[in-house]
Participant: 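Below: one structure in structure tokens.
Lettering of chains follows the sequences in order, A, B, ..., and the numbering in each one begins at 1.
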There are 2 protein chains.
Amino acid sequence: MSALDGLEVRRTTTAQQLADGLSERIMAGAFGPGDRLRESAIAAELGVARNTIREAVRILELTGLVRYEVNRGAVVIAPTPEKIEALYTARERLETAAALRTPRPEQLDAITRAFDELTEAAAEGDTSRIVDRDLAFHQAIVALLDSTRLDEFFTSLTEELRFYLTVLSKSETPEEVVAQHRVILDALLLGDHDRAVAEIRAHVDVSVEQLKQLLG
Amino acid sequence: MSALDGLEVRRTTTAQQLADGLSERIMAGAFGPGDRLRESAIAAELGVARNTIREAVRILELTGLVRYEVNRGAVVIAPTPEKIEALYTARERLETAAALRTPRPEQLDAITRAFDELTEAAAEGDTSRIVDRDLAFHQAIVALLDSTRLDEFFTSLTEELRFYLTVLSKSETPEEVVAQHRVILDALLLGDHDRAVAEIRAHVDVSVEQLKQLLG
DNA sequence: GACGCTCAACTGTAGTACAGTTCAACTGTA
DNA sequence: TACAGTTGAACTGTACTACAGTTGAGCGTC
């Protein structure tokens with residue numbers, strides 16, 4: 001611990017801040033799926049230049065919440081069954097591959113800790129925190145792959161997943177969420193690779209089915 | 001087949017074209033690792049607005065060839081042993097996970113075709129085509145995962161990998177490249193998962209070692 | 001209803017301007 | 001000689017203006 005820990009200057013650009021803000025708004029439903037992000041309108045409303053909004057939206061594109069169409073600008077992604085499946089398939093592939101590896105003790109600790117925090121959040125009934133801890137749990141599983149690049153990739157899926165998890169939270173009780181994750185954790189702790197893989201698959205399948213029903 | 005197959009209009013923006021062009025230049029070594037991409041200079045030289053260059057560079061950032069530093073702009077990534085290892089580890093995780101799956105016939109065909117084209121390219125000694133077919137081979141392996149999102153992710157690694165493969169091509173003969181890929185292909189065709197995984201690991205390890213030596 | 005026309009809204013791109021940051025060169029100082 | 005300022009040029013981040021080209025909705029015509 002240095003005497004300077006935590007001391008930081010505002011090391012970020014306006015565009016980055018705008019991207020973060022817009023991201024939140026989209027998650028919160030301020031823009032519906034398929035809506036266009038009109039640059040001049042946003043620029044005027046927020047009192048920044050259109051340039052800056054364009055940069056912000058380019059950054060947003062990285063998170064996958066928005067995509068560019070030539071001459072139509074940025075459009076909020078619309079969830080389709082195919083897209084949901086594509087997203088969850090990627091997740092399933094990563095997590096099952098991760099579950100096949102033999103975890104180091106500190107990795108298991110991290111997953112356990114994430115699970116405990118998820119349980120806490122569920123007890124409090126704080127939806128946004130549940131979603132947050134849910135994502136952290138899965139991130140910790142992916143971390144078993146020992147690949148920073150894949151960790152980053154999973155992080156880049158996070159915003160999209162957060163959107164869907166928020167949707168799901170409306171049809172699942174916090175207890176159900178905890179239960180689903182507990183079986184995965186147990187299998188991992190026991191070192192039962194096959195069962196871990198099976199549970200992860202089941203978890204993904206259930207989620208996809210529910211999402212399709214809720215959104216389609 | 002429609003009567004309109006192949007008919008297309010120029011559906012791309014200037015920024016996208018610039019990004020492609022810049023990408024090539026970087027690969028070709030026009031900018032060394034760590035070099036800054038100075039916006040005004042590039043804009044002036046290419047006769048476009050700085051705005052447009054900025055957008056192009058944002059797009060470039062997606063490919064990983066360049067990263068933004070606040071108030072310093074875009075910087076060409078410098079290969080370090082850690083980065084090389086991180087990149088190849090991600091590749092290894094994806095490909096070994098893919099090799100564990102049972103391929104459909106058309107997937108095996110695709111891999112075989114990629115290998116044949118690699119062999120052809122090697123016979124001709126055309127380095128840039130060898131690198132291209134090499135990447136296509138690995139992309140075909142990743143495709144075994146049946147995940148479009150992971151396919152896209154691998155594609156996003158492609159530009160970086162192309163850079164390293166080009167470096168490697170200076171120390172490996174085309175025949176060696178072909179031989180390394182043949183053993184992987186054979187294992188996959190035989191359905192010998194364990195051997196495929198082992199060969200992929202070996203291939204990656206050898207590459208990383210050679211790269212470290214060549215660059216470090 | 002299919003087609004063509006018109007028009008307003010908006011994107012893509014250009015160009016200019018300027019404040020703030022970075023960095024290297026220079027200067028002073030102990 | 002080592003090191004703390006100071007300065008200034010180069011460059012980024014952001015704003016603003018302008019305009020050609022594209023899109024899509026509205027409207028009339030057949």
Participant: Generate the contact string for nucleotides 18-23 of chain C. Rules: B means base contact, S means sugar-phosphate contact only, - means no protein heavy atom under 4.0 Å.
Facilitator: ---SSS
Participant: Kindly write out the residues that satisfy side chain to side chain contact (heavy atoms under 4.5 Å, CB included) with A:S128, not counting sequence neighbours, or none if the list is empty.
Facilitator: A:D126
Participant: Looking at A:F31, I'd like to know if the NZ or CZ of A:R25 sits under 6.0 Å from its six-membered ring centre while staying within 45 degrees of the ring's axis.
Facilitator: no
Participant: B:F137: what forms a ring pair (Phe, Tyr, Trp, His ring centres under 6.0 Å) with it, not counting sequence neighbours?
Facilitator: B:H181
Participant: Output all residues satisfying side chain to side chain donor-acceptor pair (under 3.5 Å) with A:D132, sequence neighbours left out; order by chain, then residue number.
Facilitator: A:R162
Participant: Tell me, what's DNA chain C's dot-bracket, Watson-Crick or G-U with both distances under 3.5 Å, | for other-strand, [ ] crossing?
Facilitator: ||||||||||||||||||||||||||||||
Participant: Listed by chain and number, what are the ring pair (Phe, Tyr, Trp, His ring centres under 6.0 Å) partners of B:F153, not counting sequence neighbours?
Facilitator: A:F153
Participant: Only counting residues at least two apart or in another chain, list the ones meeting salt bridge (charged side-chain N to carboxylate O under 4.0 Å, His left out) with A:R72.
Facilitator: A:E69
Participant: Could you state the CG-P distance from A:D35 to C:dC10, rounded to the nearest angstrom?
Facilitator: 13 Å
Participant: State which residues pass ring pair (Phe, Tyr, Trp, His ring centres under 6.0 Å) with B:Y88; sequence neighbours excluded, sorted by chain then number.
Facilitator: none
Participant: For the side chain of B:T14, counting heavy atoms from C-beta on, which of C:dT13, D:dC16, C:dA14 is nearest?
Facilitator: C:dT13
Participant: Please identify each residue that fulfils side chain to side chain contact (heavy atoms under 4.5 Å, CB included) with B:T155, with sequence neighbours left out.
Facilitator: B:Q139, B:T158
Participant: What is the distance, rounded to the nearest whole Å, between atom CG of A:N51 and atom C1' of C:dT16?
Facilitator: 12 Å
Participant: Hey, does the side chain of A:T52 come within less than 4.0 Å of D:dA15's phosphate (OP1/OP2), counting only N and O?
Facilitator: yes
Participant: Working to the nearest 0.5 Å, report the span between CD1 of A:I141 and CZ of A:R101.
Facilitator: 14.0 Å
Participant: Can you name the side chain to side chain contact (heavy atoms under 4.5 Å, CB included) partners of B:E117, sequence neighbours left out?
Facilitator: B:R113, B:R133
Participant: Expressed as a whole number of angstroms, how long is the span from B:Y68:OH to D:dT12:C1'?
Facilitator: 9 Å
Participant: Who pairs with A:Q210 by side chain to side chain contact (heavy atoms under 4.5 Å, CB included), at least two apart in sequence or on another chain?
Facilitator: A:L168, A:S171, A:E172, A:V206
Participant: When you measure from every atom of DNA chain C, which of residues 37-46 of chain B have a heavy atom less than 4.0 Å away?
Facilitator: none
